[in-house]
Structures are given as C-alpha cells and as structure tokens.
Number of protein chains: 2
Amino acid sequence: MLRSIATVSIAGTLPEKLAAIAAAGFDGVEIFENDLLYFPGKPAEIRQRAQDLGLAITLYQPFRDFEGAPRQLMAGNLERARRKFALMHELGCDRMLLCSNVSPDSSAQFELQVADLALLAELAQQQEIVVAYEALAWGQHVKRYRQAWERVRAVNSPALGLALDSFHILALGDSLDQLDDIPLEKIAFLQLADAPWLNMDVIEWSRHFRCFPGQGALPLVDFSAALLRKGYRGPWSLEVFNDGFRAAPSTLTAQDGWRSLLWLEEQAQAVLGQIEADLFSSASLPQRQAIEFLEFAVNAAEADELARWLGQLGFSHYGDHRSKRVALYQNGGVKVVLNQQPDSFAAAYREQHGASLCSVACRSDHPQALLQRARDFAYPVYQGQVGPNEHEIPALCAPDDSLIYLLGEQTSDVYHDDFHVQPAADVLGPQLGGIDHLALAMPAGALDNWVMFLRSVLGMQADVEQVLPDPYGLVRSKALHSHCYGIRLPLNVSQSAGTLSARTVETYHGSGLQHVAFATADIFQAVAAARQNGVALLAISDNYYEDLAARFGLDNAFVARLAQHHVLYDRDPAGGELLHVYTQPFAGGCFFFELLERRGGYNQYGAANGAARLAAMRQG
Amino acid sequence: MLRSIATVSIAGTLPEKLAAIAAAGFDGVEIFENDLLYFPGKPAEIRQRAQDLGLAITLYQPFRDFEGAPRQLMAGNLERARRKFALMHELGCDRMLLCSNVSPDSSAQFELQVADLALLAELAQQQEIVVAYEALAWGQHVKRYRQAWERVRAVNSPALGLALDSFHILALGDSLDQLDDIPLEKIAFLQLADAPWLNMDVIEWSRHFRCFPGQGALPLVDFSAALLRKGYRGPWSLEVFNDGFRAAPSTLTAQDGWRSLLWLEEQAQAVLGQIEADLFSSASLPQRQAIEFLEFAVNAAEADELARWLGQLGFSHYGDHRSKRVALYQNGGVKVVLNQQPDSFAAAYREQHGASLCSVACRSDHPQALLQRARDFAYPVYQGQVGPNEHEIPALCAPDDSLIYLLGEQTSDVYHDDFHVQPAADVLGPQLGGIDHLALAMPAGALDNWVMFLRSVLGMQADVEQVLPDPYGLVRSKALHSHCYGIRLPLNVSQSAGTLSARTVETYHGSGLQHVAFATADIFQAVAAARQNGVALLAISDNYYEDLAARFGLDNAFVARLAQHHVLYDRDPAGGELLHVYTQPFAGGCFFFELLERRGGYNQYGAANGAARLAAMRQG
C-alpha cells in the first residue's frame with residue numbers, strides 16, 4: 001500500500017512538514033495549497049525536496065467552487081484551473097482534488113454542473129491531469145458520494161474520477177455499500193480521517209476535530225474493508241484537520257498517522273478474513289491481559305513512606321530483590337515494587353518526575369506478540385540491565401517514556417528467582433482482589449498519542465469521553481480498556497492550569513499516575529479495615545448523601561452506611577453499581593489510591609462522582 | 001436593581017465563590033446544587049456565610065425531570081422535591097428553579113404535565129416556596145417560554161411562576177415580544193447570559209460558551225429592555241456556563257459579571273429613552289475617539305534602536321520632555337513616545353515586560369466622561385507623578401495594567417508645555433496618516449476581561465471572531481472598534497504554545513503589543529519610501545501572488561506591482577480593498593509594524609492574509 005498524508009494534517013512550515021512525513025515512513029504526500037502558497041521558493045524546489053525524501057506527490061488540493069458557478073465567473077474559473085495545472089506540472093503532481101461547490105449562488109442544475117465538469121476534465125486531459133471530485137458533506141448541491149458519482153459518470157472522461165473521503169461519507173451516516181456500480185478505475189483518490197462522535201455542525205466538526213483512524217469513533221475499518229474488497233490498490237491518504245495536531249510536534253503526529261494506516265490496514269484485512277502476509281508480522285493480540293505489578297521510582301525516604309502507606313492498605317513485605325535496592329509488596333492479587341536502586345531506569349525516572357509510577361508489568365498469554373506489535377508499529381522497546389541468573393523481562397516504552405514490562409502468565413518464577421521471597425506475614429487491612437484501573441494525567445496534546453499506542457500495540461478499546469468539573473476548570477477523561485477489561489486506563493487531560501489533572505502534569509513535568517484503583521469484594525469490609533489501619537480517606541460531604549438518597553431512591557440504612565464509610569455511589573442504567581472511596585494524596589506526591597467494588601456488571605468509573613471527589617480534594 | 005449571579009458561573013469551591021461574588025458587589029446569589037452537595041458543612045453554614053457577606057440567596061437550582069415523568073417515578077420525584085424544600089429552608093431560600101423535562105420517557109400530554117406541576121406547586125405552597133419553571137431550549141416537550149407559560153397559566157398557583165432565561169429564549173430565535181398576556185407577578189425569576197453566535201448543538205453551546213451580557217452577540221439589550229418596559233423589578237441574575245470562567249480567577253470573573261449587569265441596565269434604559277438617575281453617573285460616551293500617541297517603555301539601548309526604526313519609518317524627532325528622559329517622535333498624524341525615565345511607571349513596566357508598549361493616549365471630545373465611566377464600572381484609574389507646570393493627564397488602567405491616557409481634542413498644549421518641541425526636520429520616508437489599529441496578544445483567559453473593559457468603558461463594539469492558522473497552531477482574533485472606527489484593536493489569543501501570539505505572551509509575561517498598523521494614503525509610495533530608508537519588510541512568497549491573480553482575477557500588472565512591493569491584498573464582498581505590508585519584528589522585541597491602505601470602505605484586518613504573514617514570519 002502507498003501510504004500518504006496531506007500536509008495540512010501536521011504542524012510546521014512546508015519543508016518541516018515534508019521532513020517529518022518522510023521520517024515517519026510515508027511514501028507520499030498531498031500538498032495542501034496554502035502550504036505551497038506561503039513557501040518562499042519555487043514549486044520546483046518542493047518537487048525536488050519531495051523526491052529527495054522519497055515522497056511521491058499524490059495530490060494537489062483543494063480546488064473549489066467550480067461546477068455550476070454563476071456564468072460570469074466561468075472564464076475566470078477556467079483560467080484559475082489553467083494556472084493550477086501549470087503549477088502542478090512544476091510540482092510534478094498529476095492529480096488535483098476538486099471539492100463540490102459550496103456557494104449558495106451555484107446552480108442546482110445537473111446538466112449545467114456536468115457541462116462544467118466536462119470542460120474541466122477536457123482541460124485536465126489535455127494537461128495529463130486527473131481531477132478527483134469530492135462530495136463535501138456541506139456542499140451546496142453535491143453532499144454525498146453517490147451524487148458526485150452521478151456527475152462523474154455523466155461526464156465520462158478518463159480525466160475525472162471520484163475522491164472518496166471517509167469523513168465526508170461517514171459523518172453523514174453513509175457507508176460504502178453502494179460501490180458496486182462504480183468502476184474501480186473511477187476511484188481517483190482515497191482520503192481517510194476518523195473523528196469522535198460530536199453533536200455539532202458538520203463543518204466545524206470536520207475542520208477542528210478530525211483525527212487519525214483508530215483515534216476516533218467512525219466506522220473506518222468497515223469503510224476500508226469495502227475498498228479492499230472492491231480491489232482498490234491506490235494510495236491511502238490521511239487528511240486530518242485537528243486543532244491539536246496543528247500545534248503538536250510534527251514528527252510525533254506524522255508517526256501516529258503512519259501507524260494509524262498500518263493499524264487500519266490490519267483491521268480491514270481482518271474483517272476480510274485474512275491478514276496479508278506481506279503487511280507486517282501482524283502478531284495477533286493476546287486473549288488475556290492484566291496488570292501484574294506496579295513499580296514506583298522512589299528515594300529512600302519516599303520508599304519508607306510509601307511502604308508505610310502500603311502496610312496500612314494491607315500489603316505485606318513479600319521480598320527484596322537479590323541484587324538491587326528493590327522491595328516487593330503484596331496484597332492478594334496486587335503486587336507493588338518500590339525501586340530505589342541508584343543508576344537505574346527508576347532512578348533516572350525519579351530524577352525527572354519525582355516519586356512516581358515508572359513502570360507497569362502487563363501479564364498476558366502471549367507477551368512476545370505484544371513486543372512484536374510494538375516493533376511493527378515502530379514504537380521503541382526497552383531492554384534493561386539484569387544481574388546474573390536474573391530474569392530478562394522485555395518492555396515497551398509508553399508514550400511518556402515509562403515502561404510496560406511484558407510477562408507471561410506463569411510469573412511466580414520471576415519473583416522467586418529475582419527476589420528473596422519472605423514467608424507471607426499476617427497483615428491486617430483491606431483484602432484486595434486486583435488492580436481495577438490506573439488513572440493517568442497527561443498534557444492535552446499527549447492524549448491522542450496514548451490512544452494510538454494503546455489501540456495499536458495493546459489492542460485496547462476506547463470508551464466515550466467524559467467531562468468532569470474540577471472546581472478550577474474542566475477535565476476530559478477518556479478511558480481505554482483491554483479486551484475482557486483486564487486492563488483499564490482512564491486518561492485525564494485539562495487545558496485549565498488550576499485543575500488537579502493539570503497540576504499533576506505540572507508536578508511530574510509530564511504524564512503520570514493520578515491514582516490506582518484496587519478492586520475489593522466487599523467495600524465496607526475494606527474501608528473498615530483500611531480506617532482501622534489509619535488510612536486517611538477522603539471525607540465526603542453529608543450533602544452528597546442527602547442528594548444521593550433523593551436521586552436514586554436508596555433506602556436510608558444503606559445511605560447511612562455509605563456515608564459512615566465515606567463511600568461514593570453510582571448506578572448505571574442497567575442497574576450495575578459502583579461503590580468507591582479515595583485516600584488522601586500520598587504525602588508530597590501527586591497520586592492517591594481508590595478502593596472500589598463493582599456490582600452487577602458496572603463497567604464505568606463513577607464519572608458522576610468525579611466532581612464530588614475533586615471538590616472534596618480541594619476542601620478537605 | 002438586585003444583582004445576582006449563579007455560583008456555577010465562576011471557579012472555586014463554594015466558600016471561595018461566595019466571597020468573590022460578595023467582593024464584586026453583587027446583592028444576591030443563586031446556589032447551584034452541586035456546589036452545595038460538595039460543600040463539607042451544613043446548608044445552614046452557607047446561609048450564615050451568605051448573610052455575613054450581605055448576599056441574599058435568590059434561587060436554589062436546578063430541579064429536573066419532573067412534569068410528565070413515568071408514573072412509577074412520581075412518588076420518588078415528590079419525595080425528592082420534599083427533601084429539596086427541606087434543604088432550602090435550612091439554606092434560607094424560598095425560590096427553586098424547575099427545568100422542563102428533557103427525558104425521552106416523559107409524557108407529551110399537556111394535562112398530565114399540568115397535573116404534575118400542580119402537585120409540585122401545592123407542595124411548594126405548603127412550604128412557602130415558589131417554583132420558577134424554565135423552558136430549556138432542549139426540553140423534550142417544553143422548549144419555549146410560551147409553552148412553559150401555557151402550563152403555568154393552567155396550574156394557576158401563586159407557588160408556580162415562570163423563569164425567563166435569556167440564553168434559552170434567544171438561542172432559539174425567540175424574543176420577549178409576547179409578554180403582554182403574562183402577568184408581571186408570574187415572572188418568578190430572570191436569568192441572564194450572553195453567547196457568541198455559534199453554529200452548533202444548542203446543549204453544547206449552552207454548557208460551554210455562555211458569557212456575560214456584552215461579551216457575546218445575543219440581543220440581550222432588547223431582551224432586558226422588554227422586561228424593564230413590562231415593569232419587572234426582581235433580581236437580574238447571571239447564569240453562565242463557560243469553560244474559561246470555570247478556570248479563571250473567580251474574583252476577576254465575578255467583577256466582570258457585576259459590570260455586565262451594570263452595562264446591560266444602562267443599555268436597556270437607553271433603549272427605553274432614559275437612563276434612570278439612580279443607576280450610576282452614566283457618563284455618556286464621547287462621539288469621537290482616536291489614538292493620539294503610543295508610549296513605549298524602553299531602556300537606553302532599546303530607545304536608540306527604536307528611534308532608528310522610527311527614523312526609517314519617516315518619523316522625525318519632535319522634542320524631548322522638559323523633566324524626564326522621554327523623547328517624542330512624529331510622522332504626520334502619528335506620535336510615538338519613547339520613555340526611558342528611571343523610577344517611572346514606564347521603567348517598572350519595562351522591568352516586568354521588556355521593551356513594550358506601556359501606554360496609549362486616547363484623544364476624545366469628552367475625556368472626563370471616559371474617566372467617570374471607568375470609575376462607575378469599578379475599574380482602577382491611574383494618576384502619575386508630574387513635574388511642576390506639567391500637564392496632569394488622567395489615565396485608565398487597562399486589564400493588563402498598561403495605561404490609557406485620556407486627552408481632549410486640543411492636544412497641542414500637552415506637547416508644547418511638557419516638551420522642548422523642535423522645529424520639524426525634513427525626514428524622508430513613508431507619510432503616515434494615523435494609527436489604523438493596534439493588535440494585542442493576550443492569554444486566552446484574558447480576552448473576555450478585555451472585551452468587557454473595552455465595551456463598558458470605551459463603548460467599543462466587537463466584530464465576529466476570526467480563526468487564523470499559524471504554522472504552529474490556531475490563533476483566535478477578535479477585533480473591537482470604537483464608534484466611527486477611530487480606534488481599532490484586534491485581540492489575538494492562542495492556546496497553542498508554539499504560535500506567534502502565544503510566544504508573544506510568553507515573552508511579555510502577559511498581554512502586550514503584537515503590532516502597530518499605520519495608515520497611509522498611498523501604500524506603494526509608502527513602501528518605496530520605507531524600503532529606500534532601509535526598512536526590512538516581510539518578504540511574501542511568489543506563490544502567494546500567483547494564487548492571488550487566479551483567486552481575484554486581478555490584472556497582471558497590478559499583481560506584479562503588489563509582488564514587487566511585498567504588498568498583501570484582500571478584497572471584501574462589497575469591493576473594498578486592503579493593501580498592506582509588514583516589517584520584520586523589532587530586533588529582540590516582540591512587536592512589528594504594518595503599513596496599510598484601505599480602499600473603498602474596507603473595514604476588516606486582512607484575516608485572509610493572516611496565514612501568509614504568519615508563515616512568512618517563520619520562514620523569512
């Protein structure tokens with residue numbers, strides 16, 4: 001597949017964009033007209049640069065407001081086309097995008113539009129250029145690809161074909177199930193963009209919120225599978241208008257774009273029942289994934305303090321590493337590692353971020369597949385130093401440069417070989433079943449990078465984004481979860497500097513752990529035990545409980561029990577329930593802990609209680 | 001008038017909000033339920049706090065999804081109401097907002113809705129509470145205030161009235177011209193919010209983009225005038241959901257809210273033909289306003305360099321201040337002051353912001369009125385130190401703490417009395433007619449503060465906001481202009497750290513001058529003269545001119561002349577034209593200069609060329 005991207009999709013000047021696009025591995029590039037207009041050099045220089053970088057110029061775009069324009073404008077419009085064709089020759093590009101006319105002054109008359117398009121096609125054919133005609137979702141008379149096709153068919157010129165753009169087609173609720181009567185050679189270009197579902201004007205949605213395939217919620221996979229089935233083998237070209245991408249480092253954005261095309265091709269081929277052998281190694285996803293342990297980077301004082309917290313939370317000291325200053329703690333299904341080894345990855349991490357989560361170990365039935373997927377998607381992998389006879393655990397580098405260790409399902413060797421394991425001590429406290437989720441705070445611009453990483457390498461799926469009101473601004477929270485919910489990661493971003501999320505990012509100098517949620521089978525037992533151990537829980541206002549009773553029609557005894565334990569409550573429409581408490585933040589650090597109990601298949605994160613928690617953290 | 005505001009309109013915890021609202025001068029406050037739910041104390045404590053702060057609790061809000069709800073929910077809903085009424089008694093509040101039901105499960109049956117509302121009204125009447133029923137613009141069956149009125153009339157209870165909310169009414173295109181048959185006593189509450197016109201889903205628009213009256217574009221003045229005419233004398237209460245306000249310092253936001261109500265009352269009374277004497281001094285706006293001079297805060301080296309630049313731009317050294325290290329330069333209708341006086345306002349300003357514009361002198365036919373307006377609207381005014389026999393010029397403090405000096409129309413005395421004026425030297429260079437506009441860069445959160453200041457004190461009007469693509473992110477530009485366009489101020493903000501606007505703000509540590517545009521009568525003469533003097537103009541790509549010819553159908557000779565002079569070109573739909581050039585940025589500083597010629601009534605700022613300029617500045 002020839003992978004291409006429009007220059008408008010990323011930030012920078014035109015030379016910067018071309019360099020980033022080539023470095024990311026693309027084969028081709030669409031030149032967005034304005035990028036060329038502002039480039040202080042000849043079009044031929046861009047042709048040469050692209051050639052030097054190994055990039056084909058797949059498209060020149062856009063040409064606008066042509067067919068059916070008022071008659072007095074036609075001579076000028078044809079002259080405009082002639083000039084653009086001449087420029088395209090200088091550029092070494094033989095394909096031009098024509099958007100359907102959006103002008104209210106344009107004619108609704110089919111024959112007139114066809115006559116105009118025929119004129120343009122004739123001119124193009126003389127110049128050995130192909131015009132790819134695209135139905136803009138907000139075109140005045142041509143909004144849908146079938147309408148564009150009717151006109152292309154009527155013109156019947158080899159110099160006029162269809163441009164199919166996933167956003168314009170899917171945003172209107174169309175699909176590619178009406179391709180049968182469109183000859184393959186009439187598909188002159190393919191543009192791909194995803195987007196979150198937003199209830200807004202389609203122009204604004206298109207111009208500001210497009211994203212790469214896999215980062216949004218449009219049915220891109222079915223769309224692409226339909227084209228593969230049809231036999232389309234032309235370029236797959238990304239065309240994304242996104243306010244964040246316009247401002248993000250262009251190399252990172254371009255890399256994610258390239259990954260999104262690889263991911264999309266994999267997914268589309270899977271829909272067709274086969275992944276082509278030449279695509280990439282296509283290591284299929286593990287069936288089971290869960291978090292095996294968390295590793296915190298700490299200094300000696302922080303290690304003592306965190307160990308004390310863990311003790312209060314019912315963790316016992318499970319062992320010490322044979323060669324490193326690394327201690328292991330356990331409570332039921334949860335293991336936590338405190339790493340204060342000098343000259344280690346953890347030490348460097350702590351130096352940069354303070355006391356923080358520096359790695360997560362992921363347990364799965366096929367860790368090598370995850371490692372291979374990371375390589376396929378061009379993510380860096382990590383290999384640390386190990387002592388003699390110690391386990392060598394492969395690791396992925398997450399987008400914030402923390403690590404994700406990859407373990408198989410038999411993990412006991414790792415502990416027994418690498419650690420002096422101690423007999424389990426009798427520890428009082430809450431009994432934890434596992435790590436329910438990790439909430440990460442990150443800069444707003446990093447969210448899409450994380451989504452691409454988690455979707456492509458770990459195969460995680462995204463839930464609908466929530467908006468949480470912090471007393472000092474809004475926080476957007478997008479949760480991803482692995483197949484079967486073995487791993488859950490709510491990702492929080494905020495553009496308001498005063499919110500807890502933004503302050504967490506500021507403290508860490510980047511992304512980092514906001515809290516760890518531990519699953520319990522009995523929240524009231526867990527809370528009682530935790531409090532008995534001296535865990536400082538976040539106090540929740542009596543007014544919250546007063547409202548809760550009115551809101552959910554709960555019985556008074558149950559509400560009183562919730563209030564007594566500071567337990568927050570949520571219920572989903574299917575009757576699933578979440579009962580959860582939060583600790584105070586870890587002293588001097590940013591992160592805190594949550595204890596929760598899910599009942600009846602509740603699958604969310606208590607976003608309805610987000611405002612209560614955030615307010616309580618500021619008024620505690 | 002009793003001025004009130006909903007706690008949801010500003011940032012912070014409930015106690016912080018109450019303190020900010022009282023400090024801003026409000027008389028009352030609507031308690032937004034969630035703020036109370038998260039407050040870790042009894043409702044009675046809030047009652048006491050409000051009382052101590054002199055704030056009446058004007059409304060408890062919102063109560064939702066009541067009328068026409070499925071029958072099996074009715075008992076629970078009534079219980080919910082009972083609990084809220086009890087809470088309101090603790091709070092000392094006798095008025096509750098009821099929003100029209102948004103549930104798709106709610107009944108469309110008028111009689112059923114009325115019966116439910118009658119039940120609630122009966123309960124409320126027993127509790128001596130009034131329910132104010134509001135038609136949400138996205139209510140399931142009740143969207144418009146006339147629909148709400150039909151139900152209120154049918155219930156016919158003293159405990160049920162209408163809540164009129166300007167956003168819900170105006171967003172749907174309704175107006176208050178159908179108030180006649182609604183008895184005054186049935187208007188139980190008035191909520192006010194403005195908003196920019198946005199083509200988007202009304203819920204999202206309402207929840208994220210409301211603003212204070214005068215900051216948006218809804219016809220709030222006519223709306224309020226209709227209520228005054230009707231005889232409404234109840235509270236005017238702001239209810240604003242705004243992502244920026246949620247994150248901004250609550251004291252500043254609350255102050256602007258208070259100002260907006262004062263402004264709105266003034267404007268509404270003016271529509272009715274009289275400003276009530278007890279409103280405030282209501283100094284009416286001057287008819288004529290223009291910029292008289294600009295003052296830059298500089299050190300000695302910067303003064304030399306800027307003087308050299310001014311010389312190249314055709315300014316002559318007009319004089320030196322009698323007692324201070326302040327020099328005056330002039331070119332035609334433009335005067336510029338370079339202030340390097342130690343221990344002065346300018347010196348302190350330079351210390352904080354670097355070489356920058358520290359004050360603007362505004363010439364008008366009634367400067368005292370502007371000073372009085374600033375005092376009325378609770379903006380600080382400034383009085384500097386003057387030497388013996390020197391003019392004492394009053395000044396306003398702009399929202400970024402720069403100064404706006406207020407001069408009358410006879411200004412020659414100021415120069416002759418305070419300066420050793422020199423005979424005009426023969427200086428070659430462009431001939432400047434005046435200061436066309438000042439473009440300011442500011443943090444995104446400051447824009448609304450500026451809009452409120454410029455609208456209320458200087459009476460300026462806002463144009464529609466433009467979005468300019470910088471190579472490193474989007475920039476929003478909102479221009480304000482005085483009556484008759486004597487002063488024009490495009491205000492630029494960007495949330496993307498890499499844009500020129502954001503970097504300007506970073507360099508200044510706050511708002512500041514991005515560029516000064518000088519008006520010329522003949523742009524080609526001015527450019528030729530400037531270049532002959534060695535002014536370094538921003539070079540514009542040949543590709544820009546190639547496109548310009550195609551886009552506007554301009555003749556080749558004219559386009560060649562534009563290109564030769566690096567002149568950018570824009571044309572408005574009415575045929576008005578803008579011809580303009582930019583200088584390179586002032587060495588080491590942030591700001592630069594523009595020379596422009598307006599033809600045929602062109603009234604904008606060449607936003608279409610913004611991207612070309614910004615790209616050229618990054619690729620120069």
Side-chain angles (χ1 to χ4, degrees), chain A residues 11-16 33-43 76 79-84 87 198-201 203-204 208 243-244 246-248 444 469-474 494-499 539-544 546-547 549-551 553 611-612 614-616 618-620, chain B residues 11-16 33-43 76 79-84 87 198-201 203-204 208 243-244 246-248 444 469-474 494-499 539-544 546-547 549-551 553 611-612 614-616 618-620:
Chain A
T13 61
L14 185 52
E16 289 169 351
E33 180 166 274
N34 283 6
D35 281 318
L36 184 70
L37 298 190
Y38 311 147
F39 171 69
K42 302 275 180 212
E79 174 59 21
R80 193 155 60 92
R82 263 182 223 109
R83 283 172 178 261
K84 294 303 175 191
L87 186 152
L198 295 173
N199 190 359
M200 69 192 306
D201 172 65
I203 300 187
E204 290 298 302
H208 299 286
D243 292 359
R246 285 179 184 275
D470 181 293
Y472 304 102
L474 295 180
S494 179
Q495 295 208 326
S496 302
T499 61
I540 302 299
S541 165
D542 288 342
N543 303 316
Y544 168 85
E546 172 65 22
D547 176 68
R551 192 149 49 100
L614 289 163
R618 297 304 180 81
Q619 297 182 91
Chain B
T13 62
L14 185 52
E16 290 169 350
E33 179 167 273
N34 284 6
D35 282 317
L36 184 70
L37 298 190
Y38 311 146
F39 171 68
K42 302 276 179 212
E79 175 59 20
R80 195 156 55 95
R82 263 182 223 108
R83 284 173 176 261
K84 296 302 176 192
L87 186 152
L198 294 173
N199 190 358
M200 69 192 306
D201 172 65
I203 299 185
E204 291 298 303
H208 300 285
D243 292 0
R246 284 178 186 276
D470 181 294
Y472 304 102
L474 295 181
S494 178
Q495 295 208 327
S496 303
T499 60
I540 302 300
S541 166
D542 287 343
N543 303 315
Y544 168 86
E546 172 63 24
D547 177 67
R551 190 150 51 99
L614 289 163
R618 296 305 178 85
Q619 298 181 93

Of all the heavy-atom pairs spanning [X] and [Y], show the shortest one and how long it is.
| X | Y | answer |
| --- | --- | --- |
| B:G12 | A:Y472 | CA-CE2, 3.4 Å |
| A:A247 | B:S496 | CB-OG, 3.1 Å |
| B:F39 | A:N543 | O-ND2, 3.0 Å |

Given a strict heavy-atom distance threshold of 4.5 Å, which part of B:E16 is in contact with chain A: side chain, backbone, both, or neither?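 Answer is side chain: those atoms of B:E16 sit under 4.5 Å from chain A.
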Is it the side chain or the backbone of B:N199 that comes within 4.5 Å of chain A heavy atoms, both, or neither?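 Both backbone and side chain.
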Top of B:A549, B:P469, B:A550 for chain A proximity - count of heavy-atom pairs under 4.5 angstrom: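 Among the listed options, the one with the most contacts to chain A is B:A550.
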For the interface with chain A, which of B:M200, B:R82, B:R246, B:R80 has the highest count of heavy-atom pairs at distances below 4.5 Å?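 Ranked by heavy-atom pairs under 4.5 Å with chain A, first place is B:R246.
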The criterion is side chain to side chain donor-acceptor pair (under 3.5 Å); which residues satisfy it with A:D470, sequence neighbours excluded?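 If we apply the side chain to side chain donor-acceptor pair (under 3.5 Å) test to A:D470, skipping adjacent residues, there are no hits.
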Which residues pass the side chain to side chain donor-acceptor pair (under 3.5 Å) test with A:D243, not counting sequence neighbours?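 By the side chain to side chain donor-acceptor pair (under 3.5 Å) rule, A:D243 matches A:H208.
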Between CG on residue A:L36 and OH on residue B:Y544, distance to nearest 0.5 Å: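 Those atoms lie 14.5 Å apart.
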CZ-CZ distance between B:R551 and A:R83, expressed to the nearest 0.5 angstrom: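 Rounded to the nearest 0.5 Å, the CZ-CZ separation comes to 12.5 Å.
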Check each atom of A:Q495 against the heavy atoms of chain B and say whether the ones under 4.5 Å are side chain, backbone, both or neither.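 When you check distances to chain B, only side chain atoms of A:Q495 fall under 4.5 Å.
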Any A:K84 side-chain heavy atom under 4.5 Å of B:D547 side chain: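 Yes, close enough: below the 4.5 Å cut-off.
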Under 4.5 Å, counting heavy-atom pairs only, tell me which of [options] racks up the most with chain B.
| options | value |
| --- | --- |
| A:A611, A:G498, A:G76, A:A11 | A:A611 |
| A:I540, A:L37, A:N34, A:L474 | A:L37 |
| A:G41, A:G553, A:A81 | A:G41 |

